Number of protein chains: 2
Amino acid sequence: MAKSGTASSVSEKGGARSTETRRLLVDAAIATLQREGFVGASARAIAERAGLNQGLIFYHFGSVANLLLAALDAVSDERLAHYGAMVAGADSPGELVEVATDIFRTDLDAGYITVLVEMIAGASSTPDLGPEVAARIGPWREFARSAIEQSLGDSPLKALLPAADVAYAVVALYLGLEMLSHLDGNRQPALNLFAHAQRLSQLLAAMSGTSLPEAPL
Amino acid sequence: MAKSGTASSVSEKGGARSTETRRLLVDAAIATLQREGFVGASARAIAERAGLNQGLIFYHFGSVANLLLAALDAVSDERLAHYGAMVAGADSPGELVEVATDIFRTDLDAGYITVLVEMIAGASSTPDLGPEVAARIGPWREFARSAIEQSLGDSPLKALLPAADVAYAVVALYLGLEMLSHLDGNRQPALNLFAHAQRLSQLLAAMSGTSLPEAPL
DNA sequence: GTCTATACTTGGATAGAC
DNA sequence: GTCTATCCAAGTATAGAC
């Protein structure tokens, strides 16, 4: 998202053609990360999927790693923008779990989390990649934290479970569930968990008498 | 763990020298996966770390992928053997969480989970690797399931939360926490979560009047 | 700005000497 | 059983034509 390429020339805008090419490359990078993983996301593989020449990656992004980071940026921006609207009305843990279920199902099916996972795992191999990836995961954690805090309102649970710590767990679980689901090509076990979580949050709400959306049993 | 190499010769045992070489390669593969990730775990990198020739990997294991699977086997066998003894006495959720904390800290510091994570993420790139890795993660899930079931005893929670589903979540969380901890080189947030979990399980035990190891607040 | 061609490096895998 | 030498494929990156 930040700096815009190595080249100079042209009136600052860079030209519509150039922007389109960059977009094609970023999209292809995302698709390649999802289908072939970090290892398979080579300049040649990405360029071929984009229907473009391999050299353009280096012209526009300087290196494959930079393109992959741009891909991660694109996914993060796109997803976080949607999340904001989705959780806007979630004022209880129960509602938040419902929204989280939707988010998770969407992200899982669209392969968005795969991009995160592959980039995190791949960062182990390229020294400078780690901090860059970490910086891009930060917003996800912050988003989760604020959503959790908002949903708790002034519940006493806030003192018992700091939102930041819970957010950390949620993001971790999110990543882990994607890995397992992706590994054996079965999303059902992960989705079962969200069903349990919904039941539990309703039960908990009933017990503490805070909010009570529906009768649990 | 299974079949023992491509070569024939010698009196079935394969020779002490051969076994030692295989062990060296497996150890080096583990270390390389931890330090350089799946991408950096090339035949040359592993062989160099082992102080051996690169060709030996293909002689003994047939391919790099097979060596990496052998490394995953070694880690799984080693860890699962320890786990069994550790959870033997955990008869309540509170005790299980305590043991789980120990297990997690040990595995995290020793880099054992890194091996799992890298192999799972790396499996996206090599078609046939996926099922093999999945088969090796299975025992971890089964171990978690049986430990959870044992710790629950005849608690009513059993009906509310099937042990198999919880085990799935625990393994996923385990993997996700490793990724995040590894990414920003800080294990503290993850360890905080276990502290919360311990407090919660004690609180829950007190509320349901089942077992009560210690006064929570 | 994009494409073709090419230099250079690294990696998987095999052959053959020891 | 291990090592040296080597082949070939694939990857990053750059130069120069269009």
Side-chain angles (χ1 to χ4, degrees), chain A residues 4-26 28-29 32-33 36-71 118 122 125-129, chain B residues 4-26 28-29 32-33 36-71 118 122 125-129:
Chain A
S4 79
T6 313
S8 52
S9 68
V10 202
S11 53
E12 192 269 340
K13 213 196 120 210
R17 185 76 176 289
S18 178
T19 336
E20 172 68 0
T21 298
R22 293 169 60 94
R23 199 188 58 76
L24 283 172
L25 286 174
V26 167
T32 309
L33 274 174
E36 321 278 350
F38 186 89
V39 188
S42 69
R44 288 185 147 93
I46 295 170
E48 187 182 11
R49 189 179 294 273
L52 292 171
N53 187 275
Q54 171 251 135
L56 289 173
I57 289 173
F58 302 95
Y59 175 78
H60 285 292
F61 297 92
S63 71
V64 177
N66 279 341
L67 169 57
L68 296 179
L69 286 173
E118 289 296 327
S125 335
T126 319
D128 307 329
L129 209 54
Chain B
S4 77
T6 314
S8 51
S9 67
V10 203
S11 52
E12 193 267 339
K13 213 196 119 208
R17 184 78 176 286
S18 178
T19 334
E20 172 69 0
T21 297
R22 292 170 61 94
R23 199 187 58 77
L24 283 172
L25 286 174
V26 167
T32 309
L33 274 174
E36 320 279 349
F38 187 89
V39 188
S42 69
R44 291 186 145 93
I46 295 170
E48 187 181 12
R49 190 179 294 273
L52 291 170
N53 187 276
Q54 172 250 132
L56 289 174
I57 289 173
F58 303 95
Y59 175 77
H60 285 291
F61 297 92
S63 71
V64 176
N66 279 341
L67 169 56
L68 296 179
L69 286 174
E118 290 295 327
S125 335
T126 319
D128 307 328
L129 210 53

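Residue numbers start from 1 in every chain, and the chains themselves are labelled A, B, ... in the order their sequence lines are given, proteins ahead of strands. None of the values given here were measured: they were computed from a predicted structure.
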Just how far, in rounded Å, is [atom2] of [N] from [atom1] of [X]?
| X | N | atom1 | atom2 | value |
| --- | --- | --- | --- | --- |
| B:F58 | D:dC8 | CZ | P | 17 Å |
| B:R17 | D:dC3 | CZ | P | 7 Å |
| A:N53 | C:dT6 | CG | P | 14 Å |
| B:E36 | C:dT10 | CD | P | 14 Å |
| A:Q54 | D:dG11 | CD | C1' | 8 Å |
| A:I46 | D:dT12 | CD1 | P | 8 Å |
| A:F61 | C:dG1 | CZ | P | 12 Å |
| B:L68 | C:dG11 | CG | P | 13 Å |

- Task: Identify the two heavy atoms, one from B:E118 and one from B:G37, that lie closest to each other, and give their separation to 0.1 Å.
- Result: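 Taking B:E118 first and B:G37 second, the nearest heavy atoms are OE1-CA, 3.5 Å.
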- Name the one of B:I46, B:L129, B:T126 that satisfies side-chain contact (heavy atoms from CB on, under 4.5 Å) with B:L68?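 Filter result, single survivor: B:I46.
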- Look at all strands and tell whether B:R44 reaches a base, only sugar-phosphate, or nothing, counting heavy atoms closer than 4.0 Å.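 Here B:R44 touches the bases of the nucleic acid.
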- Task: Report yes if a side-chain nitrogen or oxygen of A:S63 is closer than 4.0 Å to either non-bridging phosphate oxygen (OP1 or OP2) of D:dT12; otherwise report no.
- Result: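 The answer is no; no side-chain N or O of A:S63 sits under 4.0 Å from OP1 or OP2.
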- Message: It should be established whether A:Y59 places a side-chain nitrogen or oxygen under 4.0 Å from OP1 or OP2 of nucleotide C:dT2.
- Response: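 So the side-chain polar atoms of A:Y59 never come under 4.0 Å of the phosphate oxygens OP1 or OP2 of C:dT2.
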- B:E20 and B:R17 ion-paired at < 4.0 Å: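 No salt bridge links B:E20 with B:R17.
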- Intermediate values then yes/no, side chain to side chain contact (heavy atoms under 4.5 Å, CB included), A:V26 and A:F61: CA-CA 10 Å; A:V26 167; A:F61 297 92; 3.8 Å; yes
- Task: Return the 5'-most residue of the pair A:G55, A:G40 with respect to DNA chain D, ranking by each residue's nearest nucleotide.
- Result: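 It is A:G40, whose closest nucleotide lies nearer the 5' terminus.
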- Which one, D:dG1, C:dC3, C:dA13, comes nearest to the side chain of B:S18?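 Nucleotide nearest to B:S18's side chain: D:dG1.
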